[in-house]
Amino acid sequence: MSHELGQRIVQTYPALQSPKDAPAAALQTLLRTPLPAQALAITGLAKYLKTARAARIVAECGAGKTFMSLGTMHVDAGNRPYTSIVMCPPHIVRKWARETLLTVPNARAFVIEDLRNGGDPRNTHGIVEVKLEKGQIVVKGITTSLPKLRSMGRKGWRALCPRPAFFIMGKEKGKLGYFWKHAFQIARSGPELGGLINPDTGHAVPASDGGYLSRLDLREAKFSETFKSGEDGTTRFSALWQADSSRIQRMAPLDYIGRYMKGWWDYAVADELHQLAGDTAQGNGLGVLARCAGKLIALTGTLMGGYADDLFNIFYRMEPRQMVAAGYEAGSQGRRDFQEQYGVLETVEKVRETDNACSKAQKRTVQVLRKPGASPLLFGKYLMESTAFITLEDISDQLPSYEETVLSVDMDNALSNAYKAIEKDITQAMKEHRGNKSLMSVMLNTLLLYPDHPYGIGEIWGKEYDPKQGCMLPFFVTQAEDLPETETYAKEKRLIEDIRGELSQGRRCQVYATFTGKHDVTERLERIFQQAGFRVAVLRAAVSTDKREAWYEKQLRTGVEVVVCHPRLVETGLDLLAFPTLYFYETGYSLHTLRQASRRSWRIGQRYPVRVKFLAYKGTMQETCIRHMGKKMLVALMMEGKFSGEGLQSLDANEDLLTAMARELVEKGGVGESADSVWRELERERAKNAPDQPTGAEVPILPPVVLPSEIVDAPLELGFESSVPEGDGLHLVHATPTRPKRKPSPLWPTAHVAGEQMCLFS
């Protein structure tokens, strides 16, 4: 039945490009040859852009989103020169330039640094050309600016540069403009003496609730007003803020492009689309890109985070005509309507008896909550025809195996008793203060943190609004017992044991931890790893985003075996090919971050099996968090074209992550299905999309593209057996090939072996 239904769908909605169709001939002129799945996506997108203005590429990390976007522009443009503007995270600007020069023939790459008067002479400003020399991106060639590009126009630029030109801009720098200050005057005489005066009208500024604004009213927010002027009573706008001439004088490049350079570029590329979905300056930049270029291509590895309205702003900025035609307004009201039609909402109605002066009545309060999930209609109406979905399974014959393991650890007796005491008090407090979001967040974070940092927390307090005093008042919840700081606990011992097993196989390890503030778990892990004899380094947020790739190369040259960091620091752009084993010591709440960080190693160029391991204490909030993250993952995969029965059932199975965890703690005593069972279901869904591997067939592995700057130390592979004891934990293996027998390579030196380390690309 399913086969017949699939055939009927294909006949009703024929694909622009099928696997049987020949790929575009222009792909042969690229400097790098695409894989079959990449060529299929590139050709189909190029055909779609012949009649459309915007398209999306949703590809898992490592599947080649950058390469596919470059190939799409190259195929669509044909033999004519073209200009492209790229907005990407700041730490991969130079990586984008390098990929461009290595992929598109005769291409020139330019970096948009800023748009301002003057600046630090030690740094580059305006627009600078970059070139590839000895594997490094260096500033060399034309230096210009956005105003100069605007003045010469498209024809003038085409005469100056009759070749494909790519202008690359970091999304952080693109939004930065001038500092602002309030613009007002103080009345020195008259009835408004000492009051705040609008310089455009010369009168006091009326407040919305009566009276007039004072200087204190302008302390935190910008204000403006409209007024009537002239004989005809024309309505005019008056801003009560202005640029601060005493600070840096600059204009945000995106503001300038949006105002003065509409349609200047042929193509625009928005990288990491999921980061542009909010009502932020960066999100508004997506709309600017849509206006400044003829065609827009957006890239992401994680399209949505589990909620339907995650996509509302993206659709409105990329396909505004379609959204307006569907009746959606821009803003919060349209977003609510979109969530109501394509998402999942829960209506909570509370009824309580009240006593009036001489009668009884019922008082009803209605609360509408959004929940994870999205209707399949959303995929068919807004995604199917305009989005190319590429998974690593589509190119898995070019990749080594991928394994995910959930490792559940029993707590030590002392830690277990202390945790249960805290959990009991927190559960009681949440029952007594139901609906207190502030309490919920603090308490759940405490339960996630304490097992990994069981000291220095002290008294735990919550806050609740007191209507009599009109403010938030604190109340005591519990006292966290301080356990010995020098003790090594069960989860840490298990992690050390597992890492030692991985290092014995010549596999470097990356460890993720999310608590890096006052109670810094990464600092504790660094200390216990050093005591275990590992060469360890901790990546901090103080390392700027554009220097993190160089930071990793430096650590590899010094012989580091284990790196610890927050997963957000490596969420996008970095290729951790030298670290084939990844540990989530803590996961956090962000599905986007988890998905991105877990695929930092499994990407084109990786030659060693990748193992991702999640650690949690059994029966604690850590295990609950991992389980709910797995359920959110099922919903997200459904929207990426991987429909499943479990994914559809999960639409009404959970609310937002914090609420679901809190409800389980209060109502079920923390008892729920195991994290293993959820991730086992997730593996079954992935296995349905994985290509069949013939028994005994060797899976070819592509040789990596080698750049001189990328030659770094990395492990030599000894074998593929797991270092985890049999029967302990859940082992999820993706597209595992049958590996040929060969003579084991010698160990690469660790902290226990002297000698020089081998090279990854040797």
Side-chain angles (χ1 to χ4, degrees), residues 13 16 41 44-45 48-49 51-59 65 68-69 72 87-88 171 254 258 262 267-345 370-390 591-592 595 632 635-643 651:
Y13 303 99
L16 288 175
L45 285 169
Y48 177 72
L49 287 176
T51 57
R53 294 191 68 251
R56 286 171 289 270
I57 299 176
V58 178
K65 296 186 292 293
M68 286 186 282
S69 64
T72 300
M87 186 174 71
C88 63
K171 59 186 179 69
L254 280 173
K262 295 180 180 179
Y267 302 96
V269 178
D271 201 358
E272 303 302 339
L273 178 64
H274 63 279
Q275 297 180 354
L276 310 177
D279 294 314
T280 61
Q282 294 180 7
N284 294 334
L286 178 61
V288 173
L289 292 182
R291 295 194 301 271
C292 74
K295 297 177 182 180
L296 172 63
I297 302 174
L299 317 176
T300 184
T302 52
L303 181 62
M304 66 179 295
Y307 300 94
D309 62 348
D310 290 342
L311 304 176
F312 176 78
N313 286 334
I314 291 175
F315 293 152
Y316 221 106
R317 289 161 181 159
M318 296 189 69
E319 295 105 352
R321 294 180 182 273
Q322 185 178 2
M323 295 295 285
V324 171
Y328 297 111
E329 300 178 4
S332 57
Q333 181 59 50
R335 183 165 185 160
R336 285 193 294 269
D337 294 340
F338 189 85
Q339 173 72 13
E340 182 177 355
Q341 183 166 357
Y342 294 107
V344 180
L345 296 175
R370 67 171 190 157
K371 299 176 65 179
S375 168
L377 296 176
L378 177 62
F379 180 87
K381 186 170 183 178
Y382 291 101
L383 293 173
M384 187 169 66
E385 68 173 10
S386 60
T387 307
F389 293 93
I390 306 294
L591 183 62
H592 288 307
R595 295 184 68 187
K632 288 180 67 177
V635 177
L637 292 176
M638 186 195 70
M639 274 298 97
E640 294 173 11
K642 302 176 181 179
F643 294 98
L651 295 183

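The figures here come from the full heavy-atom set of this structure, side chains too, leaving out hydrogens, waters and symmetry mates.
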query = With no hydrogens and no angle check, is any side-chain donor or acceptor of R335 less than 3.5 Å from a backbone partner on D309?
reply = yes
request  = Grab the two heavy atoms, one from M318 and one from A54, that are nearest each other, plus how far apart they are.
outcome  = O-CB, 3.6 Å
ask   = Got a second to check how far Y316's OH is from L311's CG, nearest 0.5 Å?
value = 15.5 Å
inquiry  = Restricting to non-hydrogen atoms, name the atom on G44 and the atom on L16 that form the minimum distance, rounded to 0.1 Å.
reply    = O-CD1, 3.9 Å
request  = Flag the pair K171 / C88 as yes when at least one side-chain heavy-atom distance between them is below 4.5 Å, and no otherwise.
outcome  = no
ask   = Does L276 offer a backbone N or O that forms a donor-acceptor pair with the side chain of R317 under 3.5 Å?
value = yes
Nearest non-hydrogen partners of V269 and L296, listed with the distance = N-CD1, 4.5 Å
key: Within residues 377-390 or reaching into it, pairs that qualify as salt bridge (Lys or Arg N to Asp or Glu O under 4.0 Å) - sequence neighbours excluded   = none
ask   = Taking it one step at a time, do Q341 and D337 satisfy side chain to side chain donor-acceptor pair (under 3.5 Å)?
value = CA-CA 6 Å; Q341 183 166 357; D337 294 340; over 6 Å; no
task = Any chance you could measure L299, atom CG, to S69, atom OG, to the nearest 0.5 Å?
result = 4.5 Å
query = In Å and rounded to the nearest 0.5 Å, what is the OG1 to OH distance from T387 to Y48?
reply = 8.0 Å
note = When rounded to the nearest 0.5 Å, the distance separating CD of Q322 from OH of Y382 is 5.5 Å
task = Return the minimal non-hydrogen interatomic distance between G294 and R53, and the atom names on each side.
result = O-NE, 3.2 Å
ask   = Taking only residues two or more places apart in sequence or in another chain, which ones pass side chain to side chain contact (heavy atoms under 4.5 Å, CB included) with L45?
value = A55, I57, T72, A388
query = Relative to each other, are the rings of Y328 and F312 parallel, tilted or perpendicular (30° and 60° limits)?
reply = perpendicular
key: K295 side chain vs L49 backbone, donor-acceptor pair below 3.5 Å   = yes
ask   = Are R321 and V324 side-chain neighbours, meaning at least one heavy-atom pair lies under 4.5 Å?
value = no
message = As an exercise, state the distance from CG of N313 to CG of L286, rounded to the nearest 0.5 Å.
response = 9.0 Å
key: side-chain contact (heavy atoms from CB on, under 4.5 Å), paired with T300, selected from L273, D271, I314   = L273
Residue list, salt bridge (charged side-chain N to carboxylate O under 4.0 Å, His left out) with R336, at least two apart or on another chain = none
task = Could you grab the distance from atom CE of M87 to atom SG of C292, nearest 0.5 Å is fine?
result = 9.5 Å
